[in-house]
Enquirer: 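To start, I am sharing the structure in question, which I have written as structure tokens.
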Amino acid sequence: MPNRKDYAIDNLHDLASVAEQLLREYGNAKVWAFEGEMGAGKTTLIQEVLKCLGVQNPEGSPTYSLVNVYDNIAERVVYHFDLYRLESAQEAMDIGLEDMLYDNGLCLIEWPEIIKDLLPKETIWFKLSILEDSQKRQLIVCP
């Protein structure tokens, strides 16, 4: 994959510094898609990104509400989506996802696979994997 970057994460506490680095490198991107198995750290990484953006107490994953909206964060709206429960891309459309994807906000999307065809081609893809030592993770970024 061209421009692929790999990050070794020794434990979940390292995600704060990883989040800072990701914002420095990809902060201008509007859509970030997070893939990885259950428990890989997607929500934790997104919460660290939100903290870096100035969110004092980020809510957990919006599994049931599908989206948490943070207004006026770093001078823009930030949307945190958790699409785990969706059964179709149409359900995402029904909550107004397409409008949010193409406004001036930042979209952080967990479980984006079901809407892959709706995402802009400029989407930054983040894949988190749990390594053999259950504390260690590998993060692959594909801009």
Side-chain angles (χ1 to χ4, degrees), residues 1 4-131 133-143:
M1 291 179 199
R4 169 185 156 157
K5 286 193 171 186
D6 291 68
Y7 298 84
I9 302 166
D10 288 330
N11 61 62
L12 292 178
H13 298 292
D14 292 343
L15 289 178
S17 62
V18 170
E20 289 175 8
Q21 187 172 355
L22 295 176
L23 279 167
R24 280 192 303 274
E25 294 183 34
Y26 307 104
N28 291 329
K30 290 178 49 173
V31 180
W32 295 18
F34 295 83
E35 297 179 297
E37 64 191 275
M38 189 79 69
K42 297 178 299 295
T43 300
T44 305
L45 179 56
I46 289 173
Q47 287 179 318
E48 293 299 335
V49 168
L50 290 168
K51 288 178 188 174
C52 289
L53 290 171
V55 176
Q56 296 298 318
N57 295 304
E59 299 175 35
S61 187
T63 304
Y64 295 101
S65 63
L66 301 179
V67 62
N68 290 335
V69 180
Y70 301 94
D71 290 316
N72 299 317
I73 304 304
E75 301 179 18
R76 61 182 171 176
V77 176
V78 179
Y79 304 101
H80 175 193
F81 296 93
D82 182 334
L83 306 181
Y84 181 75
R85 293 183 323 112
L86 291 188
E87 295 185 18
S88 71
Q90 184 59 49
E91 286 181 78
M93 299 292 284
D94 292 346
I95 66 164
L97 176 115
E98 192 169 40
D99 291 336
M100 292 178 245
L101 285 175
Y102 292 96
D103 77 1
N104 290 324
L106 170 62
C107 295
L108 307 171
I109 307 170
E110 295 183 60
W111 305 100
E113 297 84 357
I114 198 159
I115 61 159
K116 192 171 192 168
D117 292 339
L118 301 176
L119 296 176
K121 61 182 167 193
E122 303 84 22
T123 298
I124 306 294
W125 288 86
F126 300 86
K127 175 141 176 94
L128 270 163
S129 302
I130 302 171
L131 300 179
D133 174 345
S134 63
Q135 291 298 311
K136 294 185 178 189
R137 303 288 190 274
Q138 178 186 33
L139 174 63
I140 298 171
V141 183
C142 297

Enquirer: Within the side chain of Lys127, is there an N or O that forms a donor-acceptor pair under 3.5 Å with the backbone of Cys142?
Expert: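 Between the backbone of Cys142 and the side chain of Lys127 there is no qualifying donor-acceptor contact (under 3.5 Å).
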Enquirer: Aromatic rings Trp32 and Phe126: how do their planes relate, parallel, tilted or perpendicular, breaks at 30° and 60°?
Expert: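 The arrangement is tilted - the two ring planes meet at 30° to 60°.
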Enquirer: Provide the closest heavy-atom pair for Leu119 versus Tyr102 in the form atom of the first, atom of the second, distance.
Expert: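 For Leu119 and Tyr102, the tightest heavy-atom pair comes out as C-OH, 4.0 Å.
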Enquirer: Side-chain contact, heavy-atom cut-off 4.5 Å: Leu128 with Glu35?
Expert: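 They are not in contact (no side-chain heavy atoms under 4.5 Å apart), so the answer is no.
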Enquirer: What pair of heavy atoms forms the shortest contact from Pro112 to Trp125, and how long is it?
Expert: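 Heavy atoms only, the tightest pair is CG-CZ3, 3.4 Å.
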Enquirer: Ignoring hydrogens and angles, write down the donor-acceptor pairs under 3.5 Å from the side chains of residues 38-46, residues two or more places apart or on other chains.
Expert:
from, atom 1, to, atom 2, distance (Å)
Lys42, NZ, Gly36, O, 2.9
Lys42, NZ, Glu37, O, 3.0
Thr43, OG1, Glu110, OE1, 2.7
Thr43, OG1, Glu110, OE2, 3.0

Enquirer: Could you measure the distance from the CD1 atom of Ile109 to the CG atom of Leu83? Nearest 0.5 Å is fine.
Expert: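 If I round to the nearest 0.5 Å, the distance is 6.5 Å.
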Enquirer: Can you tell me how far apart CD1 (Ile95) and CG (Leu66) are? Round to the nearest 0.5 Å.
Expert: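 CG of Leu66 is found 4.5 Å from CD1 of Ile95.
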Enquirer: Taking Leu22's backbone N and O only, do any of them form a donor-acceptor pair with Glu25's side chain (distance below 3.5 Å, no angle check)?
Expert: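 Judged by distance alone, no pair lies under 3.5 Å.
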Enquirer: Return the minimal non-hydrogen interatomic distance between Cys52 and Ala16, and the atom names on each side.
Expert: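 So the minimum-distance heavy-atom pair works out to SG-O, 4.2 Å.
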Enquirer: Using the side-chain contact (heavy atoms from CB on, under 4.5 Å) rule, pick out the option among Asn68, Asp82, Val67, Val49 that qualifies with Leu108.
Expert: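 Testing each of Asn68, Asp82, Val67, Val49 against Leu108, the sole residue satisfying side-chain contact (heavy atoms from CB on, under 4.5 Å) is Val49.
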Enquirer: Write down the atom of Leu118, the atom of Ala89, and the distance for their closest heavy-atom approach.
Expert: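 So the two residues come closest at CD1-CB, 4.1 Å.
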Enquirer: Is it true that atom CD of Gln21 has more than 12 heavy atoms of other residues, nucleotides or ligands lying nearer than 6.0 Å?
Expert: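 Yes, CD of Gln21 has more than 12 neighbouring heavy atoms, counting only those of other groups under 6.0 Å.
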Enquirer: Please determine whether side-chain contact (heavy atoms from CB on, under 4.5 Å) holds for the pair Thr123 and Lys121, giving the CA-CA distance in whole Å, both sets of side-chain angles, and the decisive distance to 0.1 Å.
Expert: CA-CA 5 Å; Thr123 298; Lys121 61 182 167 193; over 6 Å; no
Enquirer: With side-chain hydrogen bond (donor to acceptor under 3.5 Å, both in side chains) as the criterion, how do Asp14 and Tyr7 come out once you've worked through the C-alpha distance, each side chain's angles and the decisive distance to 0.1 Å?
Expert: CA-CA 11 Å; Asp14 292 343; Tyr7 298 84; over 6 Å; no
Enquirer: Does Val77 reach the side chain of Asn104, with side-chain heavy atoms less than 4.5 Å apart?
Expert: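 They are not in side-chain contact.
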Enquirer: Check this for me: Asn57, atom CG, are more than 12 non-hydrogen atoms of other residues, nucleotides or ligands nearer than 6.0 Å?
Expert: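 No, the 6.0 Å shell around CG holds no more than 12 heavy atoms from other groups.
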Enquirer: Does the side chain of Val18 come within less than 4.5 Å of Leu139's, by heavy atoms?
Expert: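 Yes, their side chains come closer than 4.5 Å.
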Enquirer: Contact between Gln135 and Asp10 at the side-chain level, heavy atoms closer than 4.5 Å - yes or no?
Expert: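 They are not in contact (no side-chain heavy atoms under 4.5 Å apart), so the answer is no.
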Enquirer: How about Glu91 and Leu97: do any of their side-chain heavy atoms sit closer than 4.5 Å?
Expert: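 No, every pair of side-chain atoms sits at 4.5 Å or beyond.
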Enquirer: Mind running side-chain contact (heavy atoms from CB on, under 4.5 Å) on Leu106 and Leu53 for me, showing each step along the way?
Expert: CA-CA 11 Å; Leu106 170 62; Leu53 290 171; 3.8 Å; yes
Enquirer: Quick check: do Leu101 and Tyr79 have side-chain heavy atoms less than 4.5 Å from each other?
Expert: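 No, side chains not in contact.
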Enquirer: Taking side chain as C-beta onward, heavy atoms only, is Arg137 less than 4.5 Å from Leu12?
Expert: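 Arg137 reaches Leu12 side chain to side chain.
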Enquirer: Any Lys/Arg nitrogen of Glu113 or Lys116 sitting under 4.0 Å from an Asp/Glu carboxylate oxygen of the other?
Expert: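 Lys116 and Glu113: not salt-bridged.
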Enquirer: Hey, are the side chains of Lys30 and Cys107 touching, using non-hydrogen atoms and a 4.5 Å cut-off?
Expert: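 No; the side chains remain at least 4.5 Å from each other.
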